[in-house]
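In what follows, every heavy atom counts, from backbone to side chain, and hydrogens, waters and symmetry copies are set aside. All of these numbers come straight from a predicted model, not from anything done at the bench. Letters go in sequence order (proteins before strands), and every chain restarts at 1.
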Amino acid sequence: MDRAVLDRPPVDAARAILGATLVRVDARGRRAGRIVEVEAYAGPEDRASHARAGRTERNTVMFGRPGIAYVYLVYGMHDCLNVVTGPADSASALLIRAVAPSDGVDLMRAERLAWLAAHRRKVEPDAIAREADRLARLPDVRLASGPGLVAAAFGIDRSDTGTDLFDPRSSLRLEGPFGAVAADAISVGPRIGVAYAGSPWAERPWRFAIAGDPSVSGSPATR
DNA sequence: TTTCCGATCCCCT
DNA sequence: GGGGATCGGAAAA
């Protein structure tokens, strides 16, 4: 069963999940894309992990079985999707940082627009209009080229926490192929935005991406 | 091109 | 009450 591929330490699971398909199916339609960038987070010993303070109400699903979704809110604005990995109960997880859209791009664009409407309150209307205009002209490959953008494009928020991503009945799920990206096609580097964790955790080379894919966050001309 | 900063709100060394 | 697993627009250079 596919779940077994994530029932291993997060660094190994990270390499295996690259190239797999993230799928959302709901009343609005179907969206899908290829996972092209992830970060590995270990358990409580990892000072960059949300499990660093031990088990809390927020992170409780991390202390469970592989293949479960953990979604959190960062900077008061953006939801981020994680997938719990093995070993079971180790509180390890993968942050899904970027997806290359393959299906439902129009719906993703609509969802991104809906996100703007829902989250921009005190921003001046002109600025919101400019953001919407930029979104309309955004290339498909950049619709989910960052962790907050993955959530916006797929309509993911904290209510998705606890979803079994390997249950074919789930609205949000993971499909193969797993382990399909060769090691020499994967670029490796330190995780983004974890300086607060200090050494050696901030320097751990636990960010993995499909080398050269234009949907990877920070790709040229993304900004 | 690089750096800076505001938005926005939940979580808890 | 401080600050964040981010994003995008504005300012600086």
Could you tell me how the ring of A:Phe166 sits relative to the ring of A:Phe178: parallel (under 30°), tilted (30 to 60°) or perpendicular (over 60°)?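 Plane angle between 30° and 60°, so tilted.
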For A:Trp201, does the six-membered ring have the charged nitrogen or CZ of A:Arg204 within the cation-pi criterion, i.e. under 6.0 angstrom from the centroid and within 45° of the normal? yes
Qualifying residue for side-chain contact (heavy atoms from CB on, under 4.5 Å) with A:Ser215, from A:Val36, A:Val99, A:Leu143: A:Val36
State which residue, out of A:Val84, A:Val83, A:Asp12, fulfils the side-chain contact (heavy atoms from CB on, under 4.5 Å) condition with A:Leu6.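 Only match with A:Leu6 under side-chain contact (heavy atoms from CB on, under 4.5 Å): A:Val83.
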Pairs under 3.5 Å (N/O, protein and nucleotides 10-13 of chain C):
none

Intra- and inter-strand pairing of DNA chain B, written as dot-bracket with Watson-Crick and G-U pairs under 3.5 Å and | for the latter, reads |||||||.||||.
Have a look at A:Arg207 and say if it touches a base, only the backbone sugar-phosphate, or nothing, with a 4.0 Å heavy-atom cut-off.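 Contact class for A:Arg207: none.
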In residues 84-120 of chain A, which residues come under 4.0 Å of DNA chain B by heavy atom?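 The stretch gives A:His119, A:Arg120 as the residues lying under 4.0 Å from the strand, ordered by number.
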Selection: residues 44-71 of chain A, any non-hydrogen atom under 4.0 Å of DNA chain B: A:Ala53, A:Thr56, A:Arg58
Go through C:dC7, B:dC10, C:dG4 for me and flag the one nearest to the A:Arg158 side chain. B:dC10
Output the single nucleotide from C:dT6, C:dG8, B:dC10 whose closest atom is nearest the side chain of A:Leu73. B:dC10
Roughly how many Å is it from [atom1] in [X] to [atom2] in [N], rounded to a whole number?
X	N	atom1	atom2	value
A:Asp133	C:dG9	CG	C1'	14 Å
A:Tyr41	C:dG4	OH	C1'	12 Å
A:Asp79	B:dC11	CG	P	11 Å
A:Met77	C:dG8	CE	P	10 Å
A:Leu149	C:dG8	CG	P	5 Å
A:Tyr75	C:dG4	OH	P	6 Å
A:Ile128	C:dG8	CD1	C1'	13 Å
A:Glu124	C:dG8	CD	C1'	13 Å

How long is the gap from [atom1] on [X] to [atom2] on [Y], to the nearest 0.5 Å?
X	Y	atom1	atom2	result
A:Leu149	A:Trp115	CG	CH2	8.5 Å
A:Arg15	A:Leu94	CZ	CG	12.5 Å
A:Leu172	A:Leu22	CG	CG	5.5 Å
A:Ser217	A:Arg97	OG	CZ	4.0 Å

Looking only at non-hydrogen atoms, find the nearest pair between A:Ser219 and A:Arg142 and report the distance. CB-NH1, 3.9 Å
Shortest non-hydrogen contact between A:Val25 and A:Val23, atoms and distance: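 Heavy atoms only, the tightest pair is CG2-CG1, 3.8 Å.
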Within less than 4.0 Å of OP1 or OP2 of B:dA7, is there a side-chain N or O belonging to A:Arg121? no
Output all residues satisfying side-chain hydrogen bond (donor to acceptor under 3.5 Å, both in side chains) with A:Glu45, sequence neighbours left out; order by chain, then residue number.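 Result, side-chain hydrogen bond (donor to acceptor under 3.5 Å, both in side chains) vs A:Glu45: none returned.
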Only counting residues at least two apart or in another chain, list the ones meeting side-chain hydrogen bond (donor to acceptor under 3.5 Å, both in side chains) with A:Glu131. A:Arg120
Strictly below 4.0 Å, N to O, side chains only: are A:Asp126 and A:Arg130 in salt-bridge contact?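 Not counted as a salt bridge, because no side-chain N and carboxylate O are separated by less than 4.0 Å.
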Position toward the 5' end of DNA chain C (nearest nucleotide), A:Ile192 or A:Glu131: A:Ile192
side-chain hydrogen bond (donor to acceptor under 3.5 Å, both in side chains), that's the test. Do A:Arg8 and A:Thr85 meet it? Break it down for me. CA-CA 6 Å; A:Arg8 63 177 87 176; A:Thr85 74; over 6 Å; no
